[in-house]
Amino acid sequence: MGLYVVDVESDGPAPGLYSMVCFGAVKLSDALDQTFYGQTAPITDASKPDALAISGFSREEHEGFEDPKIVMERFFAWVMETNGNGRPVFASDNPAFDWQFINYYFHKYVGENPFGYSARRIGDIYCGMQMNAYAPWKHLRKTTHDHHPVNDAKGNAEALLEMKRLGLKL
């Protein structure tokens, strides 16, 4: 069973109404050397300029990205190749956002989501470790959070590795 930390950038708040722009994934390991990056062309005409601006891409650049079906098929294959035994586990800073896009795109373009129907929120794991529902955890990141999804996923994976060093069983 592999644990994958995922980050998504989009041009709006909800999949199907808006589009995923790009995403990054890091398979959790001490080396954090297995990563995936995908850029997906828009699937709707709607776009919120302020949301798209976070990704650093223009609408014109976004329109030139790859067909989402090709990207999601490649991502699915990468997860299956790197996973090992058992169901892969999805983790992110905010799965209420990240997971909904990945789940929607997997079901729309691949027919299934290898992560199943659930995800783990990194902040909640740390809050449980601290016995404090509001414990801040982002100080555990080493990689700067810059809205490049691989960098953001890597920083979040680093936080999980620090939690492991503090006693979390992974």
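In what follows, residues are counted from 1 in the order of the sequence shown.
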Taking C-beta and beyond as the side chain, do Cys127 and Trp137 meet within less than 4.5 Å on heavy atoms?
no
Tell me the closest heavy-atom pair linking Ala119 and Trp99, and the distance in Å.
CB-CD1, 3.7 Å
Roughly how far apart are Asp11 CG and Thr44 OG1, rounded to 0.5 Å?
5.5 Å
Indicate, with yes or no, if Phe57 and Phe97 share a hydrophobic cluster defined by side-chain heavy-atom contacts under 4.5 Å among Ile, Leu, Val, Met, Phe, Trp and Tyr.
no
Looking only at the side chains, is there a donor atom on one of Glu66 and Thr40 sitting less than 3.5 Å from an acceptor on the other?
no
Any donor and acceptor pair, going by atom type alone, linking the side chain of Glu61 with main-chain N or O of Ser58 inside 3.5 Å?
yes
Rounded distance (nearest 0.5 Å) linking atom CZ of Arg121 with atom CZ of Phe90
13.0 Å
Would you say the rings of Tyr4 and Trp78 are close, in the sense that their centroids are separated by under 6.0 Å?
yes
Which heavy atom in Ser92 sits nearest to a heavy atom in Val6, and how many Å separate them?
CB-O, 3.1 Å
For a 4.5 angstrom cut-off between non-hydrogen side-chain atoms, does Ser10 reach Phe101?
yes
Chi angles and distances behind the side-chain contact (heavy atoms from CB on, under 4.5 Å) call for Ile102, Met20:
CA-CA 8 Å; Ile102 295 296; Met20 186 162 57; 3.9 Å; yes
Residue among Asp93, Asp152, Asp146 satisfying salt bridge (charged side-chain N to carboxylate O under 4.0 Å, His left out) with Arg141
Asp93
Between Leu28 and Ile125, is there a shared hydrophobic cluster once you connect ILVMFWY residues whose side-chain heavy atoms come closer than 4.5 Å?
yes
Give, for atom CG of Leu160 and atom CD of Glu158, the distance between the pair rounded to the nearest 0.5 Å.
10.5 Å
side-chain contact (heavy atoms from CB on, under 4.5 Å) evaluation trace for Leu52 with His62
CA-CA 9 Å; Leu52 181 59; His62 186 197; 4.2 Å; yes
Tell me whether Gln34 contacts the main-chain N or O of Lys27 through its side chain, where contact means a donor paired with an acceptor under 3.5 Å.
no
What is the ring orientation for His147 with His145, classed by angle as parallel under 30°, tilted 30 to 60°, or perpendicular over 60°?
perpendicular
Are Tyr105 and Phe115 co-members of a hydrophobic cluster defined by side-chain heavy atoms under 4.5 Å apart?
yes
What about the rings of Phe36 and Phe23, do their centers lie closer together than 6.0 Å?
yes
For the residue pair Tyr117 and His107, does the interplanar ring angle fall in the parallel (under 30°), tilted (30 to 60°) or perpendicular (over 60°) class?
parallel
Verify same cluster id: Met129, Ile122 (apolar side-chain graph, 4.5 Å):
yes
Please determine whether the number of non-hydrogen atoms from other residues, nucleotides or ligands lying under 6.0 Å from atom CZ of Arg120 exceeds 12.
no
Determine whether the aromatic ring centres of residues Phe75 and Phe106 are separated by less than 6.0 angstrom.
yes
Which heavy atom of Arg87 sits nearest a heavy atom of Asn113, and at what distance?
NH1-O, 4.2 Å
Which atom pair, heavy atoms only, marks the closest approach of Val21 to Ser55?
CG1-OG, 3.9 Å
Heavy-atom closest pair (Leu17 atom, Ala46 atom, distance to 0.1 Å) is O-CB, 3.4 Å
Check whether any side-chain N or O of Gln100 sits under 3.5 Å from a backbone N or O of Pro13 as a donor-acceptor pair, and report yes or no.
yes
Residue pair Leu140, Met163: steps toward the side-chain contact (heavy atoms from CB on, under 4.5 Å) verdict
CA-CA 8 Å; Leu140 301 174; Met163 290 177 215; 3.9 Å; yes
Same cluster or not: Leu3 versus Leu32, using hydrophobic residues (I, L, V, M, F, W, Y) connected whenever any side-chain heavy atoms lie under 4.5 Å apart?
yes
Which pair of heavy atoms, one from Pro68 and one from Ala41, lies closest together, and at what distance?
CG-O, 3.5 Å
Please determine whether the number of non-hydrogen atoms from other residues, nucleotides or ligands lying under 6.0 Å from atom CG of Asp45 exceeds 12.
no
